[in-house]
Amino acid sequence: MKYFQTHITLFFTCILLFLSGCASYRPTQVNNICAIFRGETDWYQAARDANQKWGTPIWVMMAIIHQESRFIDDAQPPRPWFLFIPLPRTSSAYGYAQAQKPAWADYIKGSGNGGADRDDFDDAIDFVGWYTHVTQRKLDISKWDVYHQYLAYHEGRGGYARGTWKKKDWLKKVAKKVKNKSAIYNTQLKRCKPELDDAIDGWWFF
């Protein structure tokens, strides 16, 4: 019996360790890009890969994700309620990038990333890089023009082209916030980029 109990204990300990290892990283200092990447260097690797692939600056992609989800993997729009009855959500937006299902389907088709998940940071930041890249190509908005890139991101490229954002003063304020956040992230990243690059590319001697 003691032998059996010991093995049962070991089994559940392994299960708990496995589940804790699968837990998503959620940065606590979301206003500091260096702290975010120091807490999970795999995120920096993913951001750098997306930058190299699509050409969108890291601080631009991270500022958009900050605005959309505050780096929460399963973020969703709030569910409306009628009395005590939960109603369907008004949007299919989900995950780090708050990508809606049609846009995500376009991303999978356009990028070839068939196994992409919206609650996977690597896929989400690659999505933002892809989206801004296509926006530049279709709407001629620079990838460094965070203000207008965010407006196109929020309204969709069709909505942006139709000027749906022009009468939305609240949205213009949000886009300005994203622009300011990207500038802060840019300044911060310049200070810690060598350290982060070294953590990823550092020389190993055997």
Flag, side chain of Lys177 to backbone of Gln67, donor-acceptor distance under 3.5 Å: no
Is the backbone N or O of Tyr96 less than 3.5 Å from a side-chain atom of Ser69, with the two atoms forming a donor-acceptor pair by type? yes
Evaluate the criterion side chain to side chain contact (heavy atoms under 4.5 Å, CB included) for residue pair Asp49 and Gln52; output intermediate values, then yes/no. CA-CA 5 Å; Asp49 289 347; Gln52 293 171 352; 4.2 Å; yes
Can you say whether the rings of Tyr160 and His148 are parallel (under 30°), tilted (30 to 60°) or perpendicular (over 60°)? perpendicular
Any side-chain heavy atom of Asp145 within less than 4.5 Å of one from Lys179? no
Tightest non-hydrogen contact, residues Trp54 and His133, listed as O-ND1, 3.5 Å
From the options Ile65, Asp42, Asp73, Asp126, select the one residue that forms a side-chain contact (heavy atoms from CB on, under 4.5 Å) with Phe121. Ile65
Please find the pair of heavy atoms, one from Leu139 and one from Ala161, that lie closest to each other, and give the distance. CD2-CB, 4.3 Å
Any donor-acceptor pair under 3.5 Å linking the side chain of Thr132 with the backbone of Gly129? yes
Would you say the side-chain atoms of Asp117 pair up with the backbone N or O of Asp119, donor to acceptor, closer than 3.5 Å? no
Restricting to non-hydrogen atoms, name the atom on Arg48 and the atom on Ile200 that form the minimum distance, rounded to 0.1 Å. NH2-CG2, 3.1 Å
Taking all atoms of both residues into account, what is the closest heavy-atom pair of Ala47 and Ile58, and its distance? O-CG1, 3.7 Å
Minimum heavy-atom distance Leu151-Trp165, with the two atoms named: CD1-CE3, 3.5 Å
Distance only, no hydrogens: is a donor on one side chain within 3.5 Å (strictly under) of an acceptor on the other, for Tyr107 and Asp123? no
When rounded to the nearest 0.5 angstrom, what is the spacing between CG in Asn113 and CG in Asp122? 9.5 Å
Parallel, tilted or perpendicular: ring planes of Phe127 versus Trp104, cut at 30 and 60 degrees: tilted
Test item: Glu68 and Tyr153 side chains (from C-beta on) under 4.5 Å apart, heavy atoms: yes
When you measure from the side chain of Lys176 to the backbone of Tyr147, do you find a donor-acceptor pair of N or O atoms at a distance under 3.5 Å? no
Kindly indicate whether a cation-pi arrangement holds for Arg157 with Trp130, taking the cut-offs as under 6.0 Å to the six-membered ring centre and within 45° of the axis. yes
Below 4.0 angstrom, N of the basic side chain to O of the carboxylate: do Arg162 and Glu155 qualify? no
For the hydrophobic clusters of this structure (ILVMFWY residues joined by side-chain heavy atoms under 4.5 Å, transitively), does one cluster hold both Val178 and Ile184? no
Output yes when a side-chain donor or acceptor of Arg118 lies under 3.5 Å from a complementary backbone atom of Ala93, and no otherwise. no
Less than 3.5 Å apart, any donor N or O on the side chain of Asp197 or Tyr44 sitting next to an acceptor on the other? yes
Over all atoms of both residues, closest heavy-atom pair of Gln136 and Gln149: N-NE2, 4.0 Å
Heavy atoms, side chains only, cut-off 4.5 Å: are Asn32 and Gln188 in contact? yes
Connected via hydrophobic side-chain network under 4.5 Å: Trp144 and Ile33: yes
Quick one: are Pro27 and Trp43 in side-chain contact, heavy atoms under 4.5 Å? yes
Quick one: do Val128 and Ile108 end up in the same hydrophobic cluster if we chain Ile, Leu, Val, Met, Phe, Trp and Tyr together by side-chain heavy atoms under 4.5 Å apart? yes
Give a yes or no on whether Lys101 atom NZ has more than 12 heavy-atom contacts from other residues, nucleotides or ligands under 6.0 Å away. no
Evaluate the side-chain proximity of Leu171 to Thr164: yes if any heavy-atom separation is below 4.5 Å, no if none is. no
So does Thr56 get a backbone contact from the side chain of Asn51, meaning a donor-acceptor N/O pair under 3.5 Å? yes
Is it possible for you to say whether Val174 and Phe71 belong to one hydrophobic cluster, with membership spreading through side-chain heavy-atom contacts below 4.5 Å? yes
